[in-house]
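Okay, so here's the structure we're looking at.
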Amino acid sequence: MKETSEPTSKSGFVAIVGLPNAGKSTLVNQLTQTKLSIVSRKAQTTRNTVSIILTRPGAQIIFQDTPGFHEAKTMINEVFLECIRKTIKLTDVILYVVDPGIKKLDLLYELERLVVESHKPVVLAINKIDMLGTKMLDDIINRSSFDARFDSIIGISALTGQNCDKLIERLIELLPEGPYLYSEDDLSDMPERFFASEIVREQILQLLGQEVPHKTAVTIETFKNDGVSVLIQGNIHVERHSQKKILIGKDGQMIKKIGTLARQKIKEFLDLPVRLELFVKVSPNWTKSMNKLKEFGYLDNR
Ligand SMILES: Nc1nc2c(ncn2[C@@H]2O[C@H](COP(=O)(O)OP(=O)(O)OP(=O)(O)O)[C@@H](O)[C@H]2O)c(=O)[nH]1
Ligand SMILES: [Mg+2]
């Protein structure tokens with residue numbers, strides 16, 4: 001009898017985990033050649049599990065960018081931790097990203113325990129090698145606790161793309177066989193309005209100092225796309241009046257700047273003309289309120 005073998009595809013979820021600022025979101029953007037996950041120099045930029053899909057001939061990877069792993073000292077931090085734990089639990093493969101310059105080793109080992117105890121295949125990506133000599137990378141790999149617990153260790157640069165193709169190939173090898181879960185041209189299963197709110201938050205992270213962005217949440221109240229243009233009305237929530245004042249700025253200059261930059265980026269993302277209206281609201285202690293965290297989309301987003 002003639003043997004027939006159907007061509008098989010690989011597909012599944014890859015959770016990207018690591019400490020804040022390790023470069024997880026830069027990496028997912030580099031791997032998928034998008035700018036969907038927001039990036040900033042500030043720690044704790046990502047707040048949700050953000051799905052971005054990469055389809056290659058014979059393989060589909062659903063990357064899940066997660067918030068940076070850190071101590072759960074506050075309610076909002078606990079919510080982010082739960083989001084990381086849940087994503088690890090549901091994933092097929094873990095992509096564990098480490099910045100070799102990291103100082104918080106205790107935290108790193110805590111995350112490492114979570115990763116290893118999941119018993120999922122793990123690829124360790126040592127990121128930012130554009131800032132290291134080759135010898136330094138070898139030293140880091142050799143002296144580290146990064147041993148046989150990982151299925152692969154790869155030095156990469158999320159910024160320049162160095163070794164990123166090699167990384168994708170290894171991840172595909174570790175994925176289970178199965179049909180594509182999304183159509184070939186899907187970039188994400190998350191709604192456009194989520195990315196619109198993230199683009200607004202990204203401008204706030206880039207334009208304002210440390211404290212205000214961490215106390216800021218963006219919600220989209222209206223998102224009307226009639227195929228010709230898009231109307232977006234959003235609220236920027238802060239905890240205190242003093243933060244509202246900073247966000248609005250002298251003569252409204254700051255909120256205007258945020259709106260102008262965000263509108264341009266949302267327009268590029270949607271490829272349609274956009275009208276963006278932003279309002280600043282004081283929602284006292286929203287980072288400490290489960291109801292508010294839920295209302296602002298930080299719970300049950302998967
Ligand atoms: N030189 C260099 N910088 C990088 C690289 N990858 C990321 N960065 C920078 O590191 C900073 C943090 O990057 P993000 O991608 O936001 O880091 P993250 O891990 O997603 O951070 P959180 O969302 O806060 O957990 C940004 O300033 C990036 O430009 C890299 O390969 N090389
Ligand atoms: Mg991030």
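Hydrogens, waters and symmetry mates play no part in the numbers below; they use all other heavy atoms, side chains included. Because the structure is a prediction, the values reported are computed rather than measured. In each ligand, atom 1 is the first atom listed, and ligand 1 is the first ligand listed.
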Give me the nearest non-hydrogen protein atom to atom 29 (O) of ligand 1 as residue plus atom name, then the distance to 0.1 Å. L159 CD1, 4.0 Å

Atoms of ligand 1 less than 4.0 Å from M131 heavy atoms? 1 (N)

What do the steps show when you test D185 against S183 for side-chain hydrogen bond (donor to acceptor under 3.5 Å, both in side chains), and what is the final call? CA-CA 6 Å; D185 44 14; S183 83; 3.1 Å; yes

Nearest non-hydrogen protein atom, atom 12 (C) of ligand 1: N21 OD1, 2.9 Å

Expected list for residues 251-265: side-chain donor-acceptor pairs under 3.5 angstrom, two or more places apart:
residue : atom : partner : partner atom : Å
T260    : OG1  : K256    : O            : 2.7
R263    : NH1  : V274    : O            : 3.2
Q264    : NE2  : E268    : OE2          : 3.2

Does a salt bridge link E295 with K292, judged by any charged N lying under 4.0 Å from a carboxylate O? yes

Determine how many protein N/O/S atoms sit closer than 2.8 Å to the Mg ion (ligand 2), leaving waters out since they are not shown. 2

With respect to atom 10 (O) of ligand 1, which of K128, Q162, R41, K24 exhibits the smallest heavy-atom separation? K128

Any side-chain heavy-atom pair of L159 and K128 under 4.5 Å: no

Considering only protein heavy atoms, which is closest to atom 15 (O) of ligand 1, and at what distance to one decimal place? T26 OG1, 2.5 Å

Check ion pair E71-K104 (N to O, under 4.0 angstrom): no

protein heavy-atom neighbour closest to atom 6 (N) of ligand 1 works out as N127 ND2, 3.2 Å

Considering residues, nucleotides and ligands other than K42, do more than 12 of their heavy atoms fall under 6.0 Å from its NZ? yes

E110/R113 ion pair, N-O < 4.0 Å: no

What class does the angle between the rings of F80 and H70 fall in, given that below 30° is parallel, 30 to 60° is tilted and above 60° is perpendicular? perpendicular

Could you go through the side-chain hydrogen bond (donor to acceptor under 3.5 Å, both in side chains) check for D189 and Y182 one step at a time? CA-CA 8 Å; D189 60 352; Y182 295 92; 2.8 Å; yes

Test your reading of the structure: does I156 have an N or O sitting under 3.5 Å from an N or O of ligand 1? no

With a cut-off of 4.0 Å, which atoms of ligand 1 are near a heavy atom of A43? 24 (O)

K267 atom NZ, over 12 foreign heavy atoms within 6.0 Å: no

Atom 26 (C) of ligand 1: closest protein heavy atom, distance to 0.1 Å, is S40 O, 3.6 Å

Flag the pair D99 and K24 as a salt bridge only when some basic side-chain nitrogen lies within less than 4.0 angstrom of an acidic carboxylate oxygen. no

Which atoms of ligand 1 have any heavy atom of D130 under 4.0 Å away? 1 (N), 2 (C), 30 (C), 31 (O), 32 (N)

For G68, the atoms of ligand 1 under 4.0 Å from one of its heavy atoms are 25 (O)

Salt-bridged, E78 to R85, with N to O below 4.0 Å? yes

Provide the number and element of each atom of ligand 1 under 4.0 Å from a heavy atom of T45. 22 (P), 23 (O), 24 (O)

Locate the shortest heavy-atom distance separating A59 from Y180; write the atom from each residue and the value. N-OH, 3.3 Å

Looking at ligand 1, does G18 have a heavy atom less than 4.0 Å from it? no

Short N or O distance, G23 and ligand 1, threshold 3.5 Å exclusive: yes

